[in-house]
J.: 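I am attaching a structure below and will ask some questions about it afterwards.
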Amino acid sequence: LITVRELYKHPEQYMDKEITIGGWIRSLRDSKSFGFIVISDGTYFEPLQAVYHDTLENFQQVSKLGVGTAVIIKGVLVATPQAKQPFEIQATEVAVEGASAPDYPLQKKRHSFEYLRTISHLRPRTNTFQAVFRVRSLIAYAIHQYFQERDFVYVHTPLITGSDCEGAGEMFQVTTMDLNNIPKTEDGKVDFKQDFFGKPTNLTVSGQLNGETYAMAFRNIYTFGPTFRAENSNTTRHAAEFWMIEPEIAFADLDDNMRLAEGMLKYIIRFVLEHAPEEMNFFNQFVDKGLLDRLNNVLNSEFGRITYTDAVKLLEEHNDQFDYKVSWGCDLQTEHERFLTEQIFKKPVFVTDYPKEIKAFYMKMNPDNRTVAAVDCLVPGIGEIIGGSQREDDYDKLVARMEELGLKKEDYGFYLDLRKYGSARHAGFGLGFERCVMYLTGMSNIRDVIPFPRTVNNCEL
Ligand code: 4AD
Ligand code: MG
């Protein structure tokens, strides 16, 4: 079988020759003595049209085939200079591989994203989700390529862990205990000694702490894997299971970190524009009208940069427009992030040097003793897409900060060792993969860029 992508790539090789193609019927129009079948084989964004005539021995059967039927079509590829598509097949054989029942949920009309979420096993057969999930795949490939070209080592960090990297307490516990009959110690507490690992464990919220240990051995590393957060926030940008890319670079500071992040995002944009032009045009036309202009502008300018303190000053002037008023010390909400990147900078922006109180324990303290060397990257349409920092590399300062926050030294022995045996300046960040896919496709709900999304009250399929 030939693929539709191959036909579009090298039409001259197949023109006026007999080919065989397998795919699923997107639509079928029949009349008395001939008909048209539009099929998609999933390999290329554009479908392929086949014309058939009553010379087919199963003409009557073919004319009644339903949308979604899997067929194998043999015929001659002919140029159609007058039509929208550059060529079509003149079918000499249409074999039914698998019929599709008449209650097939995807009929030719347009379905809402809300409805398609209820059939996440069938939605990849639609135009929009063909485009989304091919682009998602390409972004993943581009990210690996970006880091591999720069000799970063890909590290597989564990999904089950005993630590809470972000200290936000939003973890899914992992246990084999019978929840209806939890073993207890003599003083009535849960006896984790009887659990599988002999201690409390959870699904990872970030691979960073493990990633840092490898950066102290390989210098430049990255992770790329699933992370889990039991955030009880029902928003369009939060999922309970999402993927994160976390590079970690040694002998590097916050500036190096931002350069790496900016280079990566631009690389991904360029890669996707080059490798998925049909899909990107589709998004630009049907999903997010200014998308291509916006992405091209990003490629032709530098990201903005502003400190948290200056950003707060700017935002305070617009407090009348916000539901949640800004003042120094508050965590920036999505509305503030979007205002900064959409109204003020009109491009991606790095916000740096946040108050230590609203950031994680591992970030390097700035000389002012109030802020840390943190950086968030905000983009139009979404807000935060990257969170990162330079790490505290001084043993005593890190221990002091952990004590302030009530973190137990013995839980982070391996992490403190890095500051004990050849500590080096280092920095890293986490890119939320789904938010990156949203940014590049213009899709506005994280549920529509994850094949099988997990969010509060939703774990279907
Ligand atoms: O800002 P976060 O929490 O940073 C970290 O986890 C650091 N350990 C990263 C590092 O320095 N190595 O998360 C990083 C990114 C966010 O900017 C966001 O894009 C994404 O992960 N993210 C989520 N994406 C979808 N659903 C959620 N619930 C997310 N939480 C964070
Ligand atoms: Mg963050």
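Both counts, for ligands and for their atoms, begin at 1 and track the order of listing.
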J.: Would you mind running through ligand 1 and noting each atom that sits below 4.0 Å from a heavy atom of Arg237?
T.: 25 (C), 26 (N)
J.: Counting heavy atoms only, which of Arg229, Glu231, Met438 is nearest atom 28 (N) of ligand 1?
T.: Glu231
J.: Return yes when atom NZ of Lys409 has more than 12 non-hydrogen atoms of other residues, nucleotides or ligands closer than 6.0 Å, and no otherwise.
T.: no
J.: Pull out every atom of ligand 1 sitting under 4.0 Å from any heavy atom of Ile386, numbered as shown with elements.
T.: 17 (O)
J.: Centroid-to-centroid, Phe113 to Phe129, below 6.0 Å?
T.: yes
J.: With heavy-atom distances below 4.0 Å as the criterion, list the atoms of ligand 1 near Ile446.
T.: 25 (C)
J.: Looking only at N/O atoms, are Glu246 and ligand 1 under 3.5 Å apart anywhere?
T.: yes
J.: Could you note down all residue pairs passing salt bridge (charged side-chain N to carboxylate O under 4.0 Å, His left out) where residues 221-244 supplies at least one of them, sequence neighbours left out?
T.: Arg237-Glu337
J.: CD of Gln173: more than 12 outside heavy atoms within 6.0 angstrom?
T.: no
J.: What I'd like to find out is whether the side chain of Tyr308 reaches to under 4.5 Å of the side chain of Thr352, using heavy atoms alone.
T.: no
J.: In terms of the angle between their ring planes, are Tyr222 and Tyr154 parallel, tilted or perpendicular, with boundaries placed at 30° and 60°?
T.: parallel
J.: Against ligand 1, does Glu248 come closer than 4.0 Å with any heavy atom?
T.: no
J.: Among protein heavy atoms, which sits nearest to atom 18 (C) of ligand 1, and what does the distance come to when rounded to 0.1 Å?
T.: Arg435 NH1, 3.5 Å
J.: Taking the six-membered ring for Trp, is the centroid-to-centroid distance between Phe192 and Phe197 below 6.0 Å?
T.: no
J.: Starting from atom 17 (O) of ligand 1, which protein heavy atom do you reach first, and at what distance in Å?
T.: Glu384 OE2, 2.6 Å
J.: Does any non-hydrogen side-chain atom of Gln208 lie less than 4.5 Å from one of Met244?
T.: no
J.: Which ligand 1 atoms are under 4.0 Å away from a heavy-atom of Tyr362?
T.: 7 (C), 8 (N)
J.: Take the angle between the ring planes of Trp243 and Phe224 and call it parallel below 30°, perpendicular above 60°, tilted in between.
T.: perpendicular
J.: If we only count N/O pairs under 3.5 Å, is Ile385 in contact with ligand 1?
T.: yes
J.: Does Arg419 pair with Asp394 as a salt bridge, N-O distance under 4.0 Å?
T.: no
J.: Would you call the rings of Phe218 and Tyr214 parallel, tilted or perpendicular, taking 30° and 60° as the class edges?
T.: parallel
J.: In terms of atom number and element, which parts of ligand 1 are under 4.0 angstrom from non-hydrogen atoms of Gly388?
T.: 11 (O)
J.: With a 4.0 Å cut-off on heavy atoms, does Thr227 reach ligand 1?
T.: no
J.: Are any of the N/O atoms on His238, whether in the backbone or the side chain, positioned under 3.5 angstrom from an N/O atom of ligand 1?
T.: no
J.: For atom 26 (N) of ligand 1, tell me which residue out of Ala239, Ser233, Ala374, Gly207 has the closest non-hydrogen atom.
T.: Ala239
J.: Could you identify the single nearest non-hydrogen protein atom to atom 15 (C) of ligand 1 and state the distance to 0.1 Å?
T.: Gly430 O, 3.6 Å
J.: Looking at atom 20 (C) of ligand 1, what's its closest protein heavy atom, distance included?
T.: Gly432 CA, 3.6 Å
J.: If you measure from each heavy atom of Arg391 to ligand 1, is any distance below 4.0 Å?
T.: yes
J.: Decide yes or no for Leu431 and Leu265: does some side-chain heavy atom of the first lie under 4.5 Å from some side-chain heavy atom of the second?
T.: yes
J.: Looking only at protein heavy atoms, identify the closest one to atom 4 (O) of ligand 1 and say how far it is in Å.
T.: Glu166 OE1, 3.9 Å
J.: List every atom of ligand 1 that sits less than 4.0 Å from any heavy atom of Ser206, numbering the atoms from 1 in the order shown and giving each element.
T.: 6 (O), 8 (N)
J.: Hey, does Trp243 sit under 4.0 Å from ligand 1 if you only count heavy atoms?
T.: no
J.: Taking just the N, O or S atoms of Glu384, which one is nearest to the Mg ion (ligand 2)?
T.: OE2
J.: Salt bridge (charged side-chain N to carboxylate O under 4.0 Å, His left out): which pairs involve residues 294-319, sequence neighbours left out?
T.: Asp255-Arg305, Asp288-Arg294, Asp310-Lys313
J.: How far is atom 24 (N) of ligand 1 from its nearest protein heavy atom, and which residue and atom name does that atom have?
T.: Phe242 CD1, 3.4 Å
J.: Please state whether the rings of Phe282 and Phe286 are parallel, tilted or perpendicular, taking 30° and 60° as the class boundaries.
T.: tilted
J.: Could you tell me which atoms of ligand 1, counted from 1 in the order shown, lie closer than 4.0 angstrom to a heavy atom of Gly387?
T.: 1 (O), 9 (C), 10 (C), 11 (O), 17 (O)
J.: With a 4.0 Å cut-off on heavy atoms, is Glu434 in contact with ligand 1?
T.: no
